[in-house]
Novice: 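One structure is given below, represented as structure tokens, and several questions about it will come after.
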Amino acid sequence: MRFLTSFLTLLLLSVSALALNFNVVRQDAEVAATDAELATASAKPKVCNPNYKGSDLGQKQYEALADYADLFIKKQDVLTAFNRYIPGAYKQHNPYAEQGRDFAIQYLINGFTPRGSVQTTNLTFFAGQGYGMTHFKMKMPNITFAVIDYFKFQGTCIVEHWDVLQQITGTEPNPIAFF
């Protein structure tokens, strides 16, 4: 009898362990599937929303500007940056540029050609209250600038742009000039 009780107890424990193991494996598979879905969703390119008005709008504009700055300034991928964050109307306040995104895209792509001819460093940025700003150093083959780009948002899309460039000569008497 004792043997039979021990055998049944062992059998029940084994079945319980198998059931628990099956449940853990199933949960792990569900978590893996969820992780895969999240990875696929995050791999999709972000696109701005001109109608976004949520209570976290300032944070969303900051995130949009962070991604825009990474694409445009660091990676110099002008077309992707514009397609994600400047999909429509684009007011341009640079006195040497024409209005609209098409002119800006072509002008900026040409400015980064040949690839690697422009180096950018010292990037800082912020966004809030419907506006954003990037500040960075842009070194070209024969000239270096401190650049500030100022943007206006509609939702999480950039719709307006101003810029200021200051030439850096390396002979400035102010040791903390520009940055």
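Atom set for the values below is all heavy atoms of this structure, side chains included, hydrogens, waters and symmetry mates excluded. This one's a predicted model, so the numbers in the text were calculated from it and none came from an experiment.
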Novice: Which heavy atom of Thr134 sits nearest to which heavy atom of Ala69, and what is that distance?
Specialist: CG2-CB, 4.2 Å

Novice: Do Met138 and Phe179 belong together in a cluster built from hydrophobic side chains that touch within less than 4.5 Å?
Specialist: no

Novice: Got Tyr68 and Ile86 here, is their nearest side-chain heavy-atom distance under 4.5 Å?
Specialist: yes

Novice: Do Lys75 and Asp70 come close enough that some side-chain heavy atom pair is under 4.5 Å?
Specialist: yes

Novice: Given the rule in the side-chain contact (heavy atoms from CB on, under 4.5 Å) test, do Phe178 and Glu172 qualify, once you have shown the distances and angles that lead to the verdict?
Specialist: CA-CA 10 Å; Phe178 310 115; Glu172 294 80 13; 3.6 Å; yes

Novice: Determine which pairs satisfy salt bridge (charged side-chain N to carboxylate O under 4.0 Å, His left out) with at least one residue from residues 126-152, sequence neighbours left out, and list them in order.
Specialist: none

Novice: Tell me, please, which residues at least two apart from Thr80 pass side chain to side chain donor-acceptor pair (under 3.5 Å).
Specialist: Asp77

Novice: Under the side-chain hydrogen bond (donor to acceptor under 3.5 Å, both in side chains) test against Glu160, which residue among Lys91, His93, Gln154 passes?
Specialist: His93

Novice: Tell me yes or no: between the side chains of Asp102 and Gln106, is some donor less than 3.5 Å from an acceptor?
Specialist: no

Novice: List the steps and the verdict of side-chain contact (heavy atoms from CB on, under 4.5 Å) for Leu65 and Phe153.
Specialist: CA-CA 10 Å; Leu65 188 59; Phe153 284 95; 4.1 Å; yes

Novice: Given the rule that I, L, V, M, F, W and Y join up when any side-chain heavy atoms are under 4.5 Å apart, are Met133 and Phe145 in one cluster?
Specialist: no

Novice: Please determine which of Tyr131, Phe125, Phe126 meets the ring pair (Phe, Tyr, Trp, His ring centres under 6.0 Å) test together with Tyr62.
Specialist: Phe125

Novice: Could you tell me the separation between the CZ atom of Arg101 and the NE2 atom of His161, rounded to the nearest 0.5 Å?
Specialist: 14.5 Å

Novice: What distance separates Tyr85 OH from Phe72 CZ, expressed to the nearest 0.5 Å?
Specialist: 14.5 Å

Novice: Hey, what do you get for CG (Asp163) to OH (Tyr96), rounding to the nearest 0.5 Å?
Specialist: 10.5 Å

Novice: Evaluate the side-chain contact (heavy atoms from CB on, under 4.5 Å) criterion for residues Glu98 and Gln92: first the C-alpha distance (whole Å), next the side-chain angles of each, then the deciding distance (0.1 Å), finally the verdict.
Specialist: CA-CA 7 Å; Glu98 294 177 16; Gln92 175 63 265; over 6 Å; no

Novice: Can you give me the closest heavy-atom contact between Tyr90 and Ala104, atom names plus distance?
Specialist: CE2-CB, 3.8 Å

Novice: Closest heavy-atom contact between Asp67 and Arg84?
Specialist: OD2-NH1, 3.0 Å

Novice: Can you check whether Val47 reaches Asn83 side chain to side chain, under 4.5 Å on heavy atoms?
Specialist: no

Novice: Using 0.5 Å steps for rounding, measure from the CG atom of Leu71 to the CD atom of Gln76.
Specialist: 11.5 Å

Novice: Can you measure from CD1 (Ile158) to CZ (Phe151) and round to the nearest 0.5 angstrom?
Specialist: 5.0 Å

Novice: Verify, without hydrogens or angle tests, whether Thr144 (side chain) and Ile168 (backbone) share a donor-acceptor contact under 3.5 angstrom.
Specialist: no

Novice: With hydrophobic residues grouped by side-chain heavy-atom distances under 4.5 Å, do Val147 and Trp162 end up in a single group?
Specialist: no

Novice: Taking side chain to side chain donor-acceptor pair (under 3.5 Å) as the definition, give me every residue that meets it alongside Thr171, ordered by chain and number, with sequence neighbours left out.
Specialist: Thr169

Novice: Roughly how far, to the nearest 0.5 Å, is CD of Gln119 from CZ of Phe136?
Specialist: 13.5 Å

Novice: Could you report the tightest heavy-atom contact between Ile73 and Leu123, atom names first, then the distance?
Specialist: CD1-CD1, 3.7 Å

Novice: Would you say Gln129 has more than 12 foreign heavy atoms packed within less than 6.0 Å of its CD?
Specialist: no

Novice: So for atom OH, which belongs to Tyr107, do other residues, nucleotides or ligands contribute more than 12 heavy atoms lying within a distance under 6.0 Å?
Specialist: no

Novice: Give the C-alpha distance, both sets of side-chain angles, the deciding distance and a yes or no for side-chain contact (heavy atoms from CB on, under 4.5 Å) between Val164 and Tyr150.
Specialist: CA-CA 9 Å; Val164 177; Tyr150 187 61; over 6 Å; no

Novice: For the residue pair Pro141 and Ser117, what are the closest heavy atoms and their distance?
Specialist: CD-O, 3.4 Å

Novice: Same cluster or not: Phe103 versus Leu165, using hydrophobic residues (I, L, V, M, F, W, Y) connected whenever any side-chain heavy atoms lie under 4.5 Å apart?
Specialist: yes

Novice: Are there more than 12 heavy atoms of other residues, nucleotides or ligands under 6.0 Å from atom CG of Asn142?
Specialist: no

